[in-house]
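Before any comments, here is the structure.
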Amino acid sequence: MYQYCGMAQIYDSFMNDDIDYNAWADYLTDIFSFYGKTPHLIADLACGTGNISIPMSKRGYEVIGVDISTEMLDRARKKSSLAGQDILFLNQDITKLDLYGSVDAVLCMIDGINYITDPGRLKGMFKRLNTCFLNPGAVVVFDVSSVYKLSKVLGNNTFIYDTDDIYYGWQNSYIRQKRLCQMDLSFFIKSGTTYQRFDETHLQRAYSVRFLKGVLTNAGFTNINVFGELTFDKPRKSENRIVFTAQKPENAE
């Protein structure tokens with residue numbers, strides 16, 4: 001089944017327990033300050049259900065959310081409306097982005113980059129971003145699940161999540177030669193007195209720090225930095241999530 005189709009209906013119920021999105025929004029604001037920038041218009045790529053888009057909008061940024069999953073975007077629109085936030089959500093493949101204009105910052109948070117499993121498409125995306133959609137001096141921020149996390153923490157392991165309303169099994173297979181982690185998930189969601197089952201398969205690529213820094217450099221970005229999760233420190237060897245920041249040159253046309 002297509003990624004984040006049926007899963008969209010329960011995504012927030014377990015992700016919100018693992019990720020402090022307000023802390024990430026504060027951290028992203030600190031990154032903008034680190035670069036001496038106060039962006040007005042931000043594009044949040046692979047925005048999912050809006051868990052980064054909405055808190056960034058609440059902090060006064062104008063936000064465009066982009067995602068390939070219509071089901072995730074449906075939830076994002078409902079959540080942003082309930083939160084009183086006016087966010088434009090676009091249903092697009094981020095490797096074929098068309099923003100119809102330029103922005104002051106681009107975000108791609110919580111594994112969005114890992115889901116681009118073709119390195120060539122990833123390189124093309126960053127070149128397209130820099131060439132077509134970024135104002136001079138614009139800041140780019142993204143994170144990845146690290147090689148350590150995908151190969152060692154998730155690896156070839158199985159996880160079970162069980163509550164009164166949701167049960168799922170998550171079985172992983174890590175293909176070391178290709179640096180690919182396949183995640184096979186089976187969900188059982190309570191509906192009245194019965195449970196609805198659906199299955200999804202997710203595939204993520206483990207990208208090295210060296211490779212991603214090279215991608216950013218070759219795409220024309222400068223002021224490239226690599227941090228540990230929610231810090232401004234160098235990533236540890238056992239870091240689960242690694243943050244990359246970069247900037248389009250101020251004098252770029």
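Counting begins at 1 with the first residue of the sequence. Atoms considered below: every heavy atom in the structure, side chains included; atoms not considered: hydrogens, waters and symmetry mates.
Partners of N135 under the side chain to side chain contact (heavy atoms under 4.5 Å, CB included) rule, at least two apart in sequence or in another chain, are S102, D104. Checked against salt bridge (Lys or Arg N to Asp or Glu O under 4.0 Å), R59 has the following partners two or more places apart in sequence or in another chain: D26. For D93, the salt bridge (Lys or Arg N to Asp or Glu O under 4.0 Å) criterion is met by R121, not counting sequence neighbours. The side chain to side chain contact (heavy atoms under 4.5 Å, CB included) search around K178 returns I175, L180, not counting sequence neighbours. With sequence neighbours left out, F221 forms a ring pair (Phe, Tyr, Trp, His ring centres under 6.0 Å) with no residue at all. For F159, the side chain to side chain contact (heavy atoms under 4.5 Å, CB included) test picks out L154, N157, W170, N172, with sequence neighbours left out. The side chain to side chain contact (heavy atoms under 4.5 Å, CB included) search around D30 returns F232, not counting sequence neighbours.
Residue pairs meeting the salt bridge (Lys or Arg N to Asp or Glu O under 4.0 Å) criterion with at least one partner in residues 203-221, sequence neighbours excluded, are absent. Pairs engaging residues 44-100 under the ring pair (Phe, Tyr, Trp, His ring centres under 6.0 Å) rule: F32-Y61 [sequence neighbours left out]. Sorted by first and then second residue, the salt bridge (Lys or Arg N to Asp or Glu O under 4.0 Å) pairs with a member in residues 32-43 read K37-E250; sequence neighbours excluded. Applying the ring pair (Phe, Tyr, Trp, His ring centres under 6.0 Å) definition to pairs two or more places apart or across chains, those involving residues 129-152 are F126-F142, F142-F244. Applying the salt bridge (Lys or Arg N to Asp or Glu O under 4.0 Å) rule to pairs touching residues 105-117 yields D111-R241, sequence neighbours excluded.
V153 and I110 are members of different hydrophobic clusters when ILVMFWY side chains are connected at heavy-atom separations under 4.5 Å. Residue M109 is grouped with residue F34 when hydrophobic side chains (ILVMFWY) are merged at heavy-atom distances under 4.5 angstrom, including chains of intermediate members.
A donor atom on one side chain and an acceptor atom on the other are not found under 3.5 Å apart for S186 and Y168. With 3.5 Å as the limit, one finds no donor-acceptor pair spanning the side chains of Y27 and N22.
Between the Q247 side chain and the G137 main chain, a donor and an acceptor come within less than 3.5 Å of each other. The backbone N or O of S145 lies less than 3.5 Å from a partner atom in the side chain of N114, making a donor-acceptor pair. Checked by atom type and distance alone, the side chain of E239 pairs as donor or acceptor with a backbone atom of E229 at under 3.5 Å. Of the possible polar contacts, none joining the N51 side chain to the Y21 backbone as a donor-acceptor pair under 3.5 Å is found. One N or O on the side chain of S151 and one on the backbone of V147 form a donor-acceptor pair closer than 3.5 Å. Formation of a donor-acceptor pair under 3.5 Å by the D86 side chain with backbone atoms of G84 is not found in this model.
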| task | Apply side-chain contact (heavy atoms from CB on, under 4.5 Å) to the pair M183 and T201, showing each step before the final yes or no. | result | CA-CA 6 Å; M183 295 164 261; T201 295; over 6 Å; no

| Working for side-chain contact (heavy atoms from CB on, under 4.5 Å), residues I113 and L122 | CA-CA 8 Å; I113 296 298; L122 183 67; 3.9 Å; yes

| message | Applying side-chain contact (heavy atoms from CB on, under 4.5 Å) to L28 and I52, what does each step give before you reach the verdict? | response | CA-CA 10 Å; L28 292 168; I52 294 293; 4.0 Å; yes

| message | Please determine whether side-chain contact (heavy atoms from CB on, under 4.5 Å) holds for the pair F227 and D143, giving the CA-CA distance in whole Å, both sets of side-chain angles, and the decisive distance to 0.1 Å. | response | CA-CA 9 Å; F227 301 122; D143 71 81; over 6 Å; no

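Residues A76 and G48 approach most closely at CB-O, 3.6 Å, considering heavy atoms. Shortest non-hydrogen contact noted between S80 and I54 is N-CD1, 3.6 Å. Minimum interatomic distance between A105 and P39 (heavy atoms only, all atoms of both residues): CB-CB, 4.0 Å. Annotation for L134 and K248: closest pair O-NZ, 3.0 Å, computed over non-hydrogen atoms. Nearest heavy-atom pair across Q204 and L150 is OE1-CD2, 3.6 Å. Of all heavy-atom pairs spanning T222 and P249, the tightest one is CG2-CG, 4.0 Å.
At least one side-chain heavy atom of L97 sits less than 4.5 Å from a side-chain heavy atom of L45. Using a 4.5 Å heavy-atom cutoff, the side chains of D98 and Q92 are in contact. In this structure the side chain of L99 reaches within 4.5 angstrom of the side chain of V66, judged on heavy atoms. Looking at heavy atoms from C-beta onward, I42 lies in side-chain contact with L107 at the 4.5 angstrom threshold. For the pair H202 and Q182, the minimum side-chain heavy-atom distance is 4.5 Å or more. Two residues are said to be in side-chain contact when any heavy atoms from C-beta on lie closer than 4.5 Å; I94 and C108 meet this criterion. Residues T245 and V140 fail the side-chain proximity criterion, which asks for heavy atoms closer than 4.5 Å. For the pair V141/Y35, no side-chain contact is recorded, criterion being any heavy-atom separation below 4.5 Å from C-beta on.
By the neighbour-count criterion of 12 heavy atoms within 6.0 Å, atom CG of D162 is densely surrounded, having more than that number from other residues, nucleotides or ligands.
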